[in-house]
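These notes are about the structure you will find just below.
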Amino acid sequence: MLQKKLSRRQFIGTVAGATVVATLPIHVQGQDLPQIALDDPSAVALGYVHDTEKVDAGKYPNHAVDQKCSNCQLIQGADGDEWRPCPIFPGKAVAADGWCSAWVKRA
Ligand code: SF4
């Protein structure tokens, strides 16, 4: 009886583990994620915009229009993708032409 219970647990654990592995993305792409909303509290806090040309210059005087997510050190995903993951906004995609105050020049 004990052997049967252990086997069932092992089976369930194996199925659950295989399901998790099977559903994990090998490489998350920005288009797989929801686009971050401009009214998302994190986006608001960091002054995120989808278009770097729409940054509030009064609020962010050090911003320059050549600063954008696609040339930020923190951007992830593939070059050329319109929407890409960014660790500053976990689980959301940011626009390649976007910007936020956490921008860091890509080395
Ligand atoms: Fe864009 Fe960089 Fe801000 Fe992420 S940290 S939203 S890539 S500017």
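This structure is a prediction, so every number in the text was calculated from the model and none was measured. One-based numbering, in listed order, for ligands and for the atoms of each.
- Side-chain contact annotation: Gln67 with Trp103, donor-acceptor N/O pair under 3.5 Å absent.
- The structure places SG of Cys69 at 8.5 Å from CG of Asp97, a figure rounded to the nearest 0.5 Å.
- In this structure a side-chain-to-backbone donor-acceptor pair under 3.5 Å is missing from Arg84 to Ile75.
- Legend: residues meeting side-chain contact (heavy atoms from CB on, under 4.5 Å) with Ala95, ordered by chain and number and at least two apart, are Tyr48, His50, Trp83.
- Dense packing is recorded around CD of Gln73, with more than 12 heavy atoms of other residues, nucleotides or ligands lying under 6.0 Å away.
- The number of protein N/O/S atoms found under 2.8 Å from atom 1 (Fe) of ligand 1 is 1.
- His63 and Thr52 are linked by a side-chain donor-acceptor pair at a separation below 3.5 angstrom, with hydrogens and angles left out of the test.
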